[in-house]
Amino acid sequence: MPLVVKGLEGIVASETKSSFIDGEKGILEYAGIAIDDLARNSTFEETVYLLWNKRLPNKAELDELSTMLRDRYELPPGMEQRLVALPTSAQPMHMLRTMVSALSMHDLEPNKIDAVSARRKALNILGHTPTLIAYFDRYRRGLPLVHPRKDLSFAANFLYMLNGKEPTPAMTRAFDICMILHADHGLNNSTFAARVIISTLSDMYSAITGAIGSLRGPLHGGANEGVMEMLTEIEKLAAEQHKNPMDVIEPYILDRLKRKELVMGFGHRVYKTIDPRATFLKTFSKQIAADTGNLKLYEMSSKIEEIMAREVGAKGIFPNVDFYSATTYHSIGLKLDLFTPMFAMSRVSGWAAHCLEQLDGNRLFRPAAEYTGAHNVPYTAIGNR
Ligand code: COA
């Protein structure tokens with residue numbers, strides 16, 4: 001009997017130089033550099049260069065990449081009309097998946113996957129994604145679209161297009177750090193999806209469209225929205241019971257665990273200790289929550305972490321990146337259904353890095369399935385069934 005590994009847990013299916021994870025020790029590195037070091041010192045643009053080239057850029061190289069990215073902030077002609085023809089009720093992740101797919105039709109050579117073309121397509125998608133999200137959010141709110149500004153960084157330009165005013169340096173830095181922390185993470189589900197798709201020698205747009213579909217799921221990128229929903233539910237419960245939210249957290253979490261319900265933002269297939277991105281975001285979310293008057297949410301999160309450590313820490317269930325990113329995004333002022341698109345906006349860089357690696361020495365993914373159905377079943381004519 002062949003061994004069936006459900007969920008492919010523990011199976012090494014690819015080589016990569018993009019990111020390294022030690023789930024036991026809680027280490028994450030991009031091209032050898034610790035995530036903490038990058039979050040403290042780098043910018044998202046520099047991190048993109050690192051992921052695509054496996055080394056940090058010099059000043060001229062960074063300037064070149066930033067310029068090419070800024071040249072792609074504006075959408076191709078026709079895309080804006082397509083976007084504002086969507087129903088305002090559409091969910092942003094569905095919009096993003098559809099519109100990234102549509103970008104391929106504005107590329108005169110969508111199928112070219114030689115190294116230079118694949119990078120250009122990756123830049124197209126990375127440059128256009130923030131614009132798609134910001135435009136859509138303003139369109140559905142009935143607000144005039146705010147066109148991108150080439151003099152602003154990736155992070156600052158996005159917040160500017162979304163809110164219609166230039167963000168403060170502290171907001172920009174907070175958002176830039178979130179972008180760095182979400183950029184890549186080994187062969188996670190969406191990255192695997194992207195590599196599977198490009199391994200057929202399909203195109204970058206198809207690969208990233210598929211990855212967006214994967215990321216949307218609540219067991220993957222959708223978990224940060226789940227965290228915020230949980231915090232809101234706790235606040236609602238406290239209001240109904242005329243209690244302080246801090247006093248209802250413990251019974252709420254214990255009840256959830258008793259009913260075998262997941263506590264969103266906890267657990268990870270790889271990390272059996274605290275996710276290093278969560279360690280960084282915890283400190284960071286405290287600061288930004290305090291600056292923006294959202295300290296209560298941070299304190300609630302911190303208490304949930306304490307209870308979970310006591311109750312399920314022995315099982316290796318600790319906070320993951322989504323846990324404190326929820327409070328951070330909320331403090332930045334992002335609406336709940338934009339949390340996962342924020343993840344996608346950053347992760348385009350990691351998906352593209354893996355697609356470039358996959359194309360360089362490609363082998364088609366084609367695993368097998370163990371057939372567990374019946375055999376030799378005679379065909380029954382429809383009238384006799
Ligand atoms: N809350 C409560 N219990 C959890 C849990 C959570 N968030 N995550 C895992 N567990 C428990 C499981 O119920 C299981 O318990 P059991 O052994 O008593 O049956 C045990 O821990 C192992 O979990 P398992 O589902 O096998 O782990 P996995 O590696 O398949 O799943 C996740 C990893 C991420 C899918 C899972 O932890 C999860 O769904 N977390 C919540 C969603 C989330 O935050 N996702 C973002 C990931 S970055």
Side-chain angles (χ1 to χ4, degrees), residues 4-13 19 21-24 26-28 30 35 93 178-194 211-234 249-282 285 300-330 336 339-347 350-351:
V4 178
V5 184
K6 283 203 172 170
L8 300 182
E9 183 166 5
I11 302 290
V12 179
S19 53
I21 308 167
D22 184 327
E24 298 294 330
I27 296 172
L28 170 62
Y30 293 167
I35 192 68
M93 280 301 278
C178 287
M179 293 293 103
I180 294 172
L181 294 177
H182 285 88
D184 195 41
H185 205 242
L187 202 59
N188 57 82
N189 191 292
S190 54
T191 303
F192 182 50
I212 295 170
S214 152
L215 187 74
R216 199 194 65 75
L219 296 187
H220 192 7
N224 53 15
E225 293 181 17
V227 175
M228 202 58 222
E229 276 162 1
M230 191 171 73
L231 293 171
T232 312
E233 207 174 299
I234 293 172
I249 292 176
E250 175 131 8
Y252 175 90
I253 296 291
L254 294 182
D255 182 53
R256 225 172 149 129
L257 291 176
K258 200 168 129 207
R259 284 190 282 121
K260 291 252 165 221
E261 273 182 26
L262 291 172
V263 177
M264 300 316 267
F266 283 82
H268 202 279
R269 178 60 64 78
V270 182
Y271 293 116
K272 297 306 161 204
T273 181
I274 188 163
D275 179 334
R277 299 166 298 174
T279 315
F280 188 87
L281 272 174
K282 183 178 179 178
S285 74
M300 286 167 65
S301 307
S302 197
K303 179 144 189 199
I304 296 174
E305 186 187 345
E306 253 173 63
I307 299 165
M308 287 294 280
R310 189 188 70 212
E311 296 295 322
V312 290
K315 275 200 213 172
I317 313 290
F318 290 99
N320 57 48
V321 67
D322 292 311
F323 191 59
Y324 285 104
S325 68
T327 323
T328 309
Y329 285 149
H330 179 82
L336 186 64
F339 287 15
T340 314
M342 296 305 96
F343 193 156
M345 200 163 107
S346 156
R347 188 56 64 84
W351 292 329

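Positions are given from 1 along the sequence. In listed order, ligands and their atoms are each counted from 1. These figures come from a predicted structure and were not determined experimentally.
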Give the residue and atom name of whichever protein heavy atom lies nearest to [atom], and the separation in Å to one decimal.
atom                    : answer
atom 3 (N) of ligand 1  : Leu262 CD2, 4.3 Å
atom 41 (C) of ligand 1 : Phe266 O, 3.4 Å
atom 10 (N) of ligand 1 : Ile317 CD1, 3.5 Å
atom 46 (C) of ligand 1 : Asp322 OD2, 3.3 Å

Looking only at distances, can you tell me whether any N or O atom of [X], backbone or side chain, sits closer than 3.5 Å to an N or O atom of ligand 1?
X      : value
Lys260 : yes
Arg269 : yes
Gly265 : yes
Lys315 : yes

Partners passing side-chain hydrogen bond (donor to acceptor under 3.5 Å, both in side chains) against Thr279 (at least two apart in sequence or in another chain):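 Checked Thr279 against side-chain hydrogen bond (donor to acceptor under 3.5 Å, both in side chains); zero matches.
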Is [atom] close to the protein, meaning a heavy atom under 4.0 Å from it?
atom                    : result
atom 13 (O) of ligand 1 : no
atom 24 (P) of ligand 1 : no
atom 32 (C) of ligand 1 : no
atom 27 (O) of ligand 1 : no

With a cut-off of 4.0 Å, which atoms of ligand 1 are near a heavy atom of [X]?
X      : result
His220 : 46 (C)
Leu257 : 2 (C)
Val263 : 1 (N), 2 (C), 6 (C), 7 (N)
Ala223 : 43 (C), 44 (O), 45 (N), 46 (C)

From Lys6, Glu9, Met264 - option closest to atom 42 (C) of ligand 1 by heavy atom: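 Heavy atom nearest to atom 42 (C) of ligand 1 belongs to Met264.
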With the threshold set at 4.0 Å, does a side-chain nitrogen-carboxylate oxygen contact exist between Arg310 and Glu250?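 Yes.
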Hey, do the aromatic rings of His185 and Tyr271 have their centres closer than 6.0 Å?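 Yes, close enough.
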